[in-house]
There are 2 protein chains.
Amino acid sequence: MGTYPARKRRTRSDGERSYRTILDTAARLATLEGLEGLSIARLAGEVGMSKSGLYAHFDSKQDLQLATVGAAEDVFTAEVITRAMEKPEGIERLQALCQRYLSYVKRAVFPGGCFFSSTAAEWDTRRGPIRDRVRTVLAGWTELLEANVLAAQQQGDLAQDVDAGQLSFEINALLHEANGHYLLFRDPAALDRAQTAIEDRLARA
Amino acid sequence: MGTYPARKRRTRSDGERSYRTILDTAARLATLEGLEGLSIARLAGEVGMSKSGLYAHFDSKQDLQLATVGAAEDVFTAEVITRAMEKPEGIERLQALCQRYLSYVKRAVFPGGCFFSSTAAEWDTRRGPIRDRVRTVLAGWTELLEANVLAAQQQGDLAQDVDAGQLSFEINALLHEANGHYLLFRDPAALDRAQTAIEDRLARA
DNA sequence: CCTACCGATCGGTAGG
DNA sequence: CCTACCGATCGGTAGG
C-alpha cells in the first residue's frame with residue numbers, strides 16, 4: 001500500500017504475508033507478556049522489521065491490539081471450533097468442543113495457553129474496544145456450548161430439567177481451570193481432570 | 001530506618017504504617033493493572049510520596065512485587081480463610097471456604113477481583129521467585145480444600161470413593177470461573193451459579 | 001523520606 | 001518498508 005521505493009517488486013501477497021506474520025507473532029507473544037505488555041519495538045524485532053514498518057500496517061498500538069484479538073479468534077476457530085463442527089449438533093459436538101479446547105491448550109497453539117483466557121484476565125477491569133471484543137468472543141463461545149446443550153436435550157441425550165446456562169458455566173469453569181492449572185503448575189493431569197469432570201457431569205445430566 | 005532529617009519525629013509505627021499503605025495500595029492496583037504493569041512512580045503518586053520514598057522500603061521492583069504478594073496473602077487469609085476456620089473441619093468448613101471466597105470476590109476486597117487469580121494468569125508463563133510464590137499460595141489453598149474433603153469423608157459427609165484431588169480441582173474451577181466471569185461481564189449471577197454448582201456437587205458426593 | 005538526575009525504552013511521527 | 005527523531009515514562013541511584 002505504501003509509496004516507498006522497493007528493491008524487489010512488492011506484491012499484494014507480500015504485504016498480506018507480513019501482515020499475518022505480525023499478527024500471529026503478536027498473538028503468540030501476547031499470551032506470554034500480555035497484550036499490553038507487548039511492545040511495538042519488541043514485536044518489530046521478533047518479525048524482523050522496524051517499528052515504523054509496523055506502523056505501515058497499523059495506526060496505533062490499540063489498532064494493532066484489536067487486530068491481534070481478531071487474528072487470535074481466527075486461530076481459535078480453526079483449532080477448536082471448525083473440527084468440532086464436523087460432529088453432529090448435540091452431545092457429540094459438545095464433547096468434541098471440549099476435547100478440542102483441551103487439545104488446543106495441550107498442543108500449545110499459543111505458548112501461553114488459551115489466548116482468550118489470559119487476555120480476559122488482563123482486560124476484565126478495563127474499558128474500551130479491546131475488552132468489548134474479548135467479551136464478544138467469549139460470549140459467542142459460551143453460546144455455542146449452550147446451543148449444543150439445548151440440542152442434546154431435544155435429542156434426549158441430556159435431561160430436560162438441566163439449565164443450559166448453568167451447565168455451560170460449569171463446563172467453561174472446568175476448561176478454564178484446566179488451562180490455568182496446566183500453565184501455572186505445568187501439570188498435564190489438569191487436562192485429564194477437566195475431561196473426567198466434564199464426562200461425569202454430562203453422564204449425570 | 002533512614003538517616004534523613006525529619007521535621008516531625010519519625011516513630012517505628014510511622015514507618016510501619018506507610019509500609020503497609022504502600023503494599024495494600026500495590027496489591028489493589030496490581031489487580032487492575034497487573035503486578036508488572038504497576039509502575040513505581042504511579043504507586044508512589046497513589047500513596048502520596050516520591051519514587052525514592054518507596055526505595056527506602058524496597059530494594060527493587062521485584063522486591064516490592066514479592067512483598068506485595070505477601071501482603072495480598074495476608075488479606076486473603078484474613079478475608080477468606082480465618083472466618084471459615086471458625087467452622088469445624090470437614091464439610092462445613094469446606095462450604096464456608098467457598099462462600100467466603102465468593103463473598104471476597106463480591107465485596108471487591110481487591111478492585112480487580114481475586115488477587116491470586118489475576119496474578120497467576122499474569123505470571124504462569126514466567127520464571128522466578130514471584131511465580132514460585134504465587135504457586136505456593138495457590139497450592140496451599142488447594143491443599144486446604146483437599147484436607148477438608150478428606151475430613152468430610154472420614155466424618156461420613158462425603159462418599160469414600162470420591163477423589164479428593166479431583167473434587168478440589170472442580171471446586172477451584174467453579175470459584176475461579178465465578179471470579180473471572182463476574183469481572184469480565186459484571187454479572188453477579190456467576191457467583192450464584194458457582195454456589196449452586198458447588199452445593200450440587202457436594203450433595204452428590 | 002526528598003530533589004535531581006541517569007540511561008533505556010515506551011508509543012508515535014516526519015520524511016523519504 | 002527504512003532511518004532518524006520526538007517527548008514521556010520506565011526502573012533505579014546519588015546525595016542529603
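All values below were derived from every heavy atom in this structure, side-chain atoms included, with hydrogens, water molecules and symmetry-related copies excluded.
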For B/Leu54 and D/dC10, give me the distance from atom CG to atom P, rounded to whole Å.
12 Å
Rounded to whole Å, how long is the line connecting atom CD1 of B/Ile40 with atom P of D/dC10?
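To the nearest whole Å, that distance equals 10 Å.
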When you check the phosphate oxygens OP1 and OP2 of [N], does a side-chain N or O of [X] lie under 4.0 Å from one of them?
X: A/Ser52; N: D/dC1; answer: no
X: B/Ser50; N: C/dC1; answer: no
X: A/Ser18; N: D/dC1; answer: yes

Using a strict threshold of under 4.0 Å (side-chain N to carboxylate O), is an ion pair present between A/Arg93 and A/Glu86?
no
Apply ring-ring contact (aromatic ring centres under 6.0 Å, His included) to A/Phe110 and A/Phe116, showing your working.
CA-CA 10 Å; A/Phe110 296 106; A/Phe116 291 96; 7.8 Å; no
Would you call the rings of B/Tyr19 and B/His57 parallel, tilted or perpendicular, taking 30° and 60° as the class edges?
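Rings of B/Tyr19 and B/His57: tilted, 30 to 60°.
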Per the 3.5 Å Watson-Crick/G-U criterion and a run length of at least three, the stems involving DNA chain D are C:1-16 with D:1-16
Within a strict 4.5 Å, meaning less than it, do heavy atoms of the A/Asp124 and B/Tyr182 side chains meet?
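No, their side chains stay 4.5 Å or more apart.
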Of all the choices, C/dC1, C/dC10, D/dC10, which nucleotide is nearest to the side chain of B/Ala41 once you look at every atom?
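Minimum distance to the B/Ala41 side chain belongs to D/dC10.
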For A/Gln166 and A/Glu170, run side-chain hydrogen bond (donor to acceptor under 3.5 Å, both in side chains): C-alpha distance rounded to whole Å, both residues' side-chain angles, the deciding distance at 0.1 Å, then the answer.
CA-CA 6 Å; A/Gln166 174 74 26; A/Glu170 296 180 25; 2.8 Å; yes
Any donor-acceptor pair under 3.5 Å between the side chain of B/Lys61 and the base of D/dG12?
no
Looking just at side-chain N and O atoms, do A/Glu199 and A/Gln195 make a donor-acceptor pair shorter than 3.5 Å?
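Looking only at side-chain atoms, A/Gln195 and A/Glu199 do form a donor-acceptor pair, the distance falling under 3.5 Å.
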